[in-house]
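Given the structure is predicted, the values throughout are model-derived calculations rather than measurements. Below, read A as the first sequence line, B as the second, and so on, with proteins coming before strands; counting in each chain starts at 1.
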Amino acid sequence: MQFITDFFLRDTAEVARGLLGHYLVRETPEGLIKGIIVETEAYLSSSDPACHASRGKTKRNATMFGLPGRAYVYFIYGNHYCFNVVTGPEGKGEAVLVRAVRPVAGKELMLKYRGNDCPEINLASGPGKLCQAFAIDKSFDGHDLRTKTLYLQQNESAGYTGAVKATPRIGLSVAKEKMLRFIIEGNKYLSR
DNA sequence: GTTAAGATCTGCT
DNA sequence: GCAGATCTTAACG
């Protein structure tokens, strides 16, 4: 079952928390890839210097200011893509970074896209690894996440996957103190 | 035109 | 635990 737009129009931190336990699905010509989201981070537009949108709209972050429920994909550190879901009303500039999933289907394909024989526990345990395993690149920037090839799917048992915990976000040089990272506590597939 | 910093990963010590 | 790889974007001259 798909998410409705209203889900993404709520408070961004609530959306980040609410996505835990649900599915991220990728349909490739070679087969289906599916994972359960176990780690997310919220990026707010106001008073959040860590957010790309905090210093206004630019060519790179324009997607963040677009329609909720779209994908915001950007390239970082010369090597990696990061996958976000745009939240809030159009023009606000907020998003949720999906940092890690637990693989549930298409593990062979994920392994192939990751390009080495990494253990299952590391297939998608981090934003860059997740994009590699799901073959997500810049062509998905602005992609509507209710259409095929890449979408989010509700999981009825999401609320029973474990206790949710808020922690500081990872890898930032500013606003390190904000508790905007959400994890399923104790899950083996977290980035750390 | 030039430069510095970045929502990371991997391999080596 | 730490440094290096690697390159796009945005700010500045």
Is there a side-chain hydrogen bond (donor to acceptor under 3.5 Å, both in side chains) between A:Tyr151 and A:Glu27 once you walk through the steps?
CA-CA 9 Å; A:Tyr151 55 94; A:Glu27 286 183 15; 3.1 Å; yes

A:Leu172 side chain reached by A:Glu41 side chain, heavy atoms, under 4.5 Å
no

Under 4.0 angstrom, heavy atoms only, what part of the nucleic acid is A:Lys138 near: base, sugar-phosphate, or nothing?
sugar-phosphate

Can you confirm whether A:Gln154 sits close enough to A:Phe7 that some side-chain heavy atom of one is under 4.5 Å from a side-chain heavy atom of the other?
no

CD1 of A:Ile33 to CD of A:Glu108, rounded to nearest 0.5 Å, is 10.0 Å

Which part of the nucleic acid does A:Ser173 contact within heavy-atom distance under 4.0 Å: base, sugar-phosphate only, or nothing?
sugar-phosphate

What's A:Tyr77 touching, base or sugar-phosphate or nothing? Going by heavy atoms closer than 4.0 Å.
base

Can you measure A:Tyr74 atom OH to C:dC7 atom P for me and round it to whole angstrom units?
18 Å

Measure the spacing between OH of A:Tyr81 and CG of A:Asn79 and express it to the nearest 0.5 Å.
10.5 Å

Start at the 5' end of DNA chain B and walk down; is the nucleotide closest to A:Lys129 or to A:Val174 reached first?
A:Val174

Here the helical stems involving DNA chain B, each at least 3 consecutive Watson-Crick or G-U pairs closer than 3.5 Å, sorted by first residue number, are B:1-6 with C:7-12, B:8-12 with C:1-5

Side-chain contact test, heavy atoms from C-beta onward, threshold under 4.5 Å: evaluate it for A:Val96 versus A:Tyr43 and give yes or no.
no

Heavy atoms only, 4.0 Å cut-off, all strands: where does A:Arg181 land among base, sugar-phosphate and nothing?
nothing

Tell me what A:Arg169 touches on the nucleic acid: a base, only sugar-phosphate, or nothing, going by heavy atoms under 4.0 Å.
nothing

Quick check: closest heavy atoms across A:Tyr23 and A:Asn155, and the distance to 0.1 Å?
CE1-CB, 3.5 Å

Minimum-distance pair of heavy atoms, taken over all atoms of A:Arg192 and A:Ile170:
CZ-CG2, 3.6 Å

Footprint ends on DNA chain B, 5' to 3', for atoms under 4.0 angstrom from a heavy atom of chain A, come out as B:dG6 to B:dT10

Decide yes or no on side-chain hydrogen bond (donor to acceptor under 3.5 Å, both in side chains) for A:Thr87 and A:Glu94, but give the supporting numbers first.
CA-CA 5 Å; A:Thr87 61; A:Glu94 302 202 339; 4.5 Å; no

C:dA10 P sits how many Å from A:His52 NE2, rounded?
9 Å

5'-most contact on DNA chain B (nearest-nucleotide basis), A:Ile76 vs A:Arg114, goes to A:Ile76

A:Phe75 CZ - C:dA5 P separation (whole Å):
16 Å

